[in-house]
Amino acid sequence: MTLSPRPAQARIATSCLLIVLVGASIAALLLALLVVLDPRQWSAPAAPTIKAAVTAPAIANRATDVPTVTLVPPTATLTLTPTATPIPPTATPITPTATPIPPTVTPVPPTATRRPPPTAVVKRCVSVVGDSVAHGDAVYEIPGVGYLQAQLAPVSAFIEYQYRQHGIGDMKVLNRTSSAVGISSGNHPSYFGTVEYAQLLQDGCQYTVIIPWLNDLSSGVDGSVAAPAHVSALATLVQTLVGKNPTGKILIVNYYQGAAAPFAARTFASGFTPGNVAAFNQQIAAACTGGALALPQVKCVDANAALGGMGLAAVVGPASQQDLSTLLVAPPSQDQASQVSFYFSNNPGGALTGDGVHLSNSGKAQLAAYLVGLMP
């Protein structure tokens, strides 16, 4: 009778054990659900929580840890990389800042185009151009003996003297003349081939004075043909000078009337006649008023107005021995000097005959004074 209670106690113990096991199982399931449903598993993409689950085998002796391993892979798919996507938009606004730069460069060329072209520097000087008239030549007949080719002062010397008389010391006067040449005559060497012409093109003076070309009057061609040809050559000379020195001024002196001595009319001045002088001056006047010489850089000068009132005193006339000693600026050749000496030794009161064509010193002085008044 004493053993009967033990089976009942065994049953009670067994029931209690089952209840504990069931409770443990339920607790394990609840714990698993809490792990799965824990918000911290989804809020952060950080890897440490995943690694903790993977390292669970270190405590695998617990049966409740096994379900957590099967739930780890879904957490790896939630590593959110879109955090880098906002970066490109921050760089895109940078490029528009470079677009305003080209407009700041474009205004530069217009400033260069508005610069005035460089003006040629005009030298404070006067170039005197011409043949034997401007060169200061004169021819005298030694009666009964021969001829004297005399060198008197050139026109340039008289122009320079006039400037000094007016107190103008900074104006330089250049002699670019040459004897026995022409610009249109076929009977004389061309002035365009001389050293003086080459120098003239390099002068760049403020003023250029062109004295009438005596030899072109005596080309052997009728004045009706020779005069237009002369003006054409004169225009070529002027246009060349303007091309070289567009800001310079050119004064063109026309032909003056004279009285060629018989020996001059027979030799070098056959064309120095009133008719030829008038024909040449007419052509020059027409070119100056509406022709090839009608340029803003050109001023045409009437020699007869400049020499007005002088008459034949404007050209070379008779010369005594005393006159020659005053007039000559260079000694004649030895042969001609001997002839002059022979003549005056036999004719102490005699005089040589001037050519009546070239300008006398008085004529050159008056012409120079007139020209300087036009070239301040």
Side-chain angles (χ1 to χ4, degrees), residues 128-161 173-183 185-200 211-220 258-272 312-365:
V128 182
V129 184
D131 60 10
S132 57
V133 174
H135 192 261
D137 295 0
V139 179
Y140 292 92
E141 182 181 31
I142 308 171
V145 178
Y147 301 97
L148 170 65
Q149 294 180 339
Q151 179 61 65
L152 312 184
V155 172
S156 59
F158 291 90
I159 292 177
E160 184 172 9
Y161 175 78
V173 183
L174 305 175
N175 185 7
R176 301 305 186 210
T177 63
S178 181
S179 297
V181 297
I183 59 173
S185 172
N187 292 340
H188 301 83
S190 175
Y191 174 76
F192 298 116
T194 64
V195 173
E196 289 77 11
Y197 176 66
Q199 293 173 328
L200 172 66
I211 304 299
W213 304 84
L214 176 65
N215 292 325
D216 285 353
L217 287 172
S218 303
S219 63
F263 78 89
R266 292 193 308 266
T267 55
F268 67 90
S270 60
F272 192 79
L312 293 181
V315 294
V316 173
S320 65
Q321 189 173 17
Q322 181 62 39
D323 293 334
L324 288 180
S325 64
T326 303
L327 295 173
L328 295 178
V329 296
S333 67
Q334 185 175 356
D335 182 59
Q336 292 182 3
S338 298
Q339 293 181 23
V340 171
S341 179
F342 174 80
Y343 172 78
F344 283 116
S345 64
N346 291 283
N347 302 277
L352 305 187
T353 304
D355 57 37
V357 173
H358 291 94
L359 288 174
S360 65
N361 278 5
S362 298
K364 286 178 281 188

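Residue numbers start at 1 and run along the sequence shown. The analysis underlying the following values was restricted to heavy atoms, covering all of them including side chains, and did not include hydrogens, waters or symmetry mates.
- A 4.5 Å side-chain heavy-atom check between Val129 and Trp213 finds at least one atom pair inside the cut-off.
- Taking all atoms of both residues into account, the shortest heavy-atom contact from Leu312 to Gly258 is CD2-C, 4.2 Å.
- Side-chain N or O atoms of Ser360 include one that pairs as donor or acceptor with a backbone N or O of Ala313 at under 3.5 Å.
- The shortest heavy-atom contact between Tyr140 and Ala319 is CE2-CB, 3.6 Å.
- The shortest distance between side-chain heavy atoms of Arg176 and Val128 does not fall below 4.5 Å.
- The distance from atom OG of Ser178 to atom OH of Tyr197, rounded to the nearest 0.5 Å, is 13.5 Å.
- No hydrogens or angles considered: nothing links the side chains of Ser185 and Asn215 as a donor-acceptor pair under 3.5 Å.
- The CG atom of Leu352 sits 9.5 Å away from the CG atom of Asp323 when rounded to the nearest 0.5 Å.
- Of all heavy-atom pairs spanning Leu214 and Phe268, the tightest one is CD2-CE1, 4.4 Å.
- Side-chain N or O atoms of Ser338 include one that pairs as donor or acceptor with a backbone N or O of Gln334 at under 3.5 Å.
- Atoms CG and OG, from Leu152 and Ser132 in turn, are 11.0 Å apart once rounded to the nearest 0.5 Å.
- In this structure, the separation between NE2 on His135 and CG on Leu359 is 14.5 Å, given to the nearest 0.5 Å.
- Atom CD of Gln149 sits in a sparse spot, with 12 or fewer heavy atoms from other residues, nucleotides or ligands closer than 6.0 Å.
- Taking CD of Gln199 as the reference point, atom OG1 of Thr194 lies at 8.5 Å (rounded to 0.5 Å).
- Across all their heavy atoms, Leu148 and Gln336 have their closest contact at CD1-OE1, 3.5 Å.
- The side-chain heavy atoms of Phe158 and Asn361, taken from C-beta on, include a pair separated by under 4.5 Å.
- With Lys364 contributing its side chain and Ala153 its backbone, the two residues share a donor-acceptor pair below 3.5 Å.
- Taking Glu141 as the reference, nothing meets the side chain to side chain donor-acceptor pair (under 3.5 Å) condition, with sequence neighbours excluded.
- Judged purely by atom type and a 3.5 angstrom limit, Asp355 uses its side chain to pair as donor or acceptor with the backbone of Val139.
- Of all the heavy atoms in Gly182 and His188, the pair that sits closest is N-CB, 4.1 Å.
- Between Phe272 and Val315 the shortest side-chain heavy-atom distance does not fall below 4.5 Å.
- At most 12 non-hydrogen atoms from other residues, nucleotides or ligands lie less than 6.0 angstrom from CZ of Phe342.
- Residues Pro212 and Asp131 come closest through the heavy atom pair O-OD1, 3.6 Å.
- The aromatic rings of Tyr147 and Phe263 sit tilted, their planes meeting at an angle between 30° and 60°.
- Separation of atoms CG (Asp216) and CG (Asn187) is listed at 10.0 Å; rounding is to 0.5 Å.
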